[in-house]
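Working notes for the structure below.
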Amino acid sequence: MTGTAQMSLAKGTEAKSPGRWLALSVLVLAVLLVAVDATVLGLATPSLSEDLKPSGTQLLWIGDIYSFVIAGLLVSMGSLGDRIGRKKLLLVGAAAFGAVSVLNAYATSPEMMIVARALLGVAGATLMPSTLALIRNIFHDPRERSLAIGIWGATASAGAAVGPVVGGALLQHFYWGSVFLINLPVMVVLVVVGIKLLPESKNPVSGPWDLFSVGLSLVGVIGVVYAVKEIATHGMTWGVWAAAVIGAASLYAFVRRQFSLPSPLLDMRLFQHRGFSGAVLADLLTVFGLSGLVFFLSQFLQLVQGRDPLEAGLAELPAAIGAVVTGLVAGRYARRYSVRSVVAGGLAAIGLALAVLTVIHKESGYPLLGAALLIVGLGAGFSFTVTADVILSSVPKEQAGSASAVSETAYELGAALGIALLGSIVTGVYQGFTAPASVAGPVADAAHESLGGAVEAARTLDPQTAGQLVGAAQEAFTDGLRLASGVGAAVLLATAAAAWFLLKGQELQDGVEH
């Protein structure tokens with residue numbers, strides 16, 4: 001046998017190693033934990049507030065700082081993994097995630113909790129791009145890689161939807177810190193098994209890690225995400241304007257700097273590729289529709305229809321089920337038909353499901369809501385999985401970490417924009433409702449802040465007035481939800497049309513890489 005034949009055989013054996021699926025199971029554990037942690041805290045907020053007694057501003061930071069830091073560091077951590085080794089970064093990040101989870105669980109003050117959540121975000125940012133980049137390097141057969149990415153994407157979607165269910169179940173039996181302690185056994189398994197199963201990979205000619213670019217990326221993304229979230233709750237204040245301007249200026253400087261560096265953190269020339277840019281846009285707006293819908297339906301199910309947190313969490317499971325089902329077959333369908341038909345079809349499905357919700361009302365039965373959630377999940381599974389595959393396949397595998405970080409950043413920005421922009425519509429409509437004439441002063445002000453505030457304020461009133469106040473608030477919230485669903489539908493349907501043109505001629509790879 002010649003040396004060339006031996007090398008080809010060795011490479012083919014490596015590509016088909018049975019350990020690759022076990023390695024994937026380790027990677028999806030990390031994805032599951034990061035996704036669950038993004039949503040699990042919501043249900044624990046009342047218990048946490050009673051124990052730590054944070055101010056309103058501190059409570060917002062406790063809820064938001066985790067996603068802010070993850071979004072701000074994804075590109076930097078993806079690039080760092082390309083340089084020092086993705087396996088190394090993943091295992092260090094997993095160990096840190098477990099250790100910081102303990103700090104979160106036993107926080108004794110609001111300030112300590114904010115710092116602990118920020119540190120958890122740092123650790124989470126090391127995990128997400130590393131997992132997708134390792135999939136790019138473990139699976140050399142593009143068809144198998146599409147399936148692996150489908151499992152990865154389905155796990156991320158399922159984790160976000162399962163978070164409220166897990167939180168609700170834990171909080172019925174344990175204290176609020178238990179939602180963090182569940183991370184420990186999973187991270188121990190990930191580290192122990194990952195050391196043995198995961199192969200190391202990195203970019204052999206990556207160059208130095210530019211710390212100034214890291215700072216610009218962090219300030220830029222956090223500034224923009226903070227601004228869009230604050231607009232939804234407080235409108236355009238001077239502080240929000242300042243955050244938006246600083247964030248946008250930092251991102252502009254980041255982009256300029258990447259073009260001037262011989263070894264950039266992120267190769268901005270990738271965005272000159274029409275398929276890459278189209279996939280990133282579709283990625284972002286898929287999550288825009290999914291996160292906006294799930295966030296506001298959670299409030300609708302609990303505060304308008306009166307479901308308890310666990311029941312509301314279970315009611316949202318069709319979105320996760322749909323994403324899992326289509327995520328596993330998305331790559332096969334994209335090869336059988338076309339990338340653009342699957343992605344555009346997925347986006348259109350989300351848009352149509354949001355359009356259905358424009359007829360929602362307080363007494364709407366669960367079949368309508370469950371069907372809309374299922375269709376959104378089906379569409380997201382198709383679109384999100386195929387766009388992640390396109391993004392990864394558009395770059396050499398040495399740059400897989402940076403490309404993965406782009407996909408993950410689009411995910412985080414999409415979630416922030418979905419909640420913030422659609423939230424500003426819901427909030428704007430909601431705050432215009434008319435309270436009963438006998439309700440005035442601080443009680444009326446609290447009721448106009450949020451639907452939760454109206455429910456709390458009603459407890460200080462006589463039953464008849466309380467019923468009128470809550471009824472008016474619920475109707476206003478539902479009006480806002482209908483309008484936001486209509487706007488979201490228009491955005492998603494327009495994006496579906498754009499994806500149809502931007503992804504023209506884009507194909508998933510078929511040949512095995514060596």
Side-chain angles (χ1 to χ4, degrees), residues 39 153-154 156-158 160-162 164 281-302 304-305 307 312-330 333 340-387 411 414-415 417-423 425-426 429 477-500:
T39 56
S157 300
V162 166
L281 176 66
D283 205 355
L284 187 151
L285 289 172
T286 296
V287 182
F288 172 91
L290 178 64
S291 63
L293 173 65
V294 170
F295 182 80
F296 293 109
L297 272 187
S298 295
Q299 296 181 60
F300 178 82
L301 291 167
Q302 292 180 70
V304 177
Q305 295 198 327
R307 303 173 192 265
L314 290 170
E316 293 177 357
L317 279 181
I321 293 170
V324 169
V325 169
T326 52
L328 297 179
V329 299
Y333 277 77
R340 71 172 183 171
S341 63
V342 171
V343 173
L347 290 165
I350 300 172
L352 291 173
L354 290 173
V356 168
L357 293 180
T358 58
V359 299
I360 199 174
H361 53 84
K362 183 178 179 179
E363 289 77 26
S364 291
Y366 182 71
L368 174 66
L369 302 176
L373 283 162
L374 179 62
I375 293 170
V376 166
L378 292 170
F382 274 130
S383 180
F384 183 63
T385 303
V386 174
T387 53
Y411 183 101
L417 288 169
I419 293 171
L421 298 184
L422 297 182
I425 295 171
V426 175
V429 173
F477 182 88
T478 306
D479 289 342
L481 180 58
R482 285 196 291 262
L483 179 58
S485 297
V487 172
V491 171
L492 267 296
L493 291 173
T495 306
W500 180 260

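Along the sequence shown, residues carry numbers from 1.
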> Who passes side-chain contact (heavy atoms from CB on, under 4.5 Å) against Thr387, sequence neighbours left out?
Replying inline: Ala279, Ala282, Asp283, Val343, Ser383
> What pair of heavy atoms forms the shortest contact from His361 to Phe300, and how long is it?
Replying inline: O-CZ, 3.4 Å
> Is there any salt bridge (charged side-chain N to carboxylate O under 4.0 Å, His left out) pair reaching into residues 481-492, and which pairs are they, with sequence neighbours excluded?
Replying inline: Glu475-Arg482, Asp479-Arg482
> Ala372 and Leu357: which non-hydrogen atoms are nearest, and at how many Å?
Replying inline: CB-CD2, 3.9 Å
Which donor-acceptor pairs under 3.5 Å do side chains of residues 347-356 form with protein atoms, sequence neighbours excluded?
none

Expected list for residues 487-494: side-chain donor-acceptor pairs under 3.5 angstrom, two or more places apart:
none

> Can you tell me how far the OG1 atom of Thr385 sits from the CG atom of Leu328, to the nearest 0.5 Å?
Replying inline: 8.0 Å
> Partners of Thr478 by side chain to side chain donor-acceptor pair (under 3.5 Å), sequence neighbours excluded?
Replying inline: none
>> I need the full list of side chain to side chain donor-acceptor pair (under 3.5 Å) pairs touching residues 341-358, with sequence neighbours left out, sorted by first then second residue.
In response: Ser338-Ser341
>> According to side-chain contact (heavy atoms from CB on, under 4.5 Å), who are the partners of Leu374, at least two apart in sequence or on a separate chain?
In response: Pro318, Leu378
> Once you round to the nearest 0.5 Å, how far does CZ of Phe384 lie from CG of Leu285?
Replying inline: 13.0 Å
> If only atom types and distance count, is the side chain of Gln305 paired as donor or acceptor with the main-chain N or O of Lys362 below 3.5 Å?
Replying inline: yes
>> Test: side chain to side chain donor-acceptor pair (under 3.5 Å). Region: residues 365-381. Which pairs qualify, not counting sequence neighbours?
In response: none
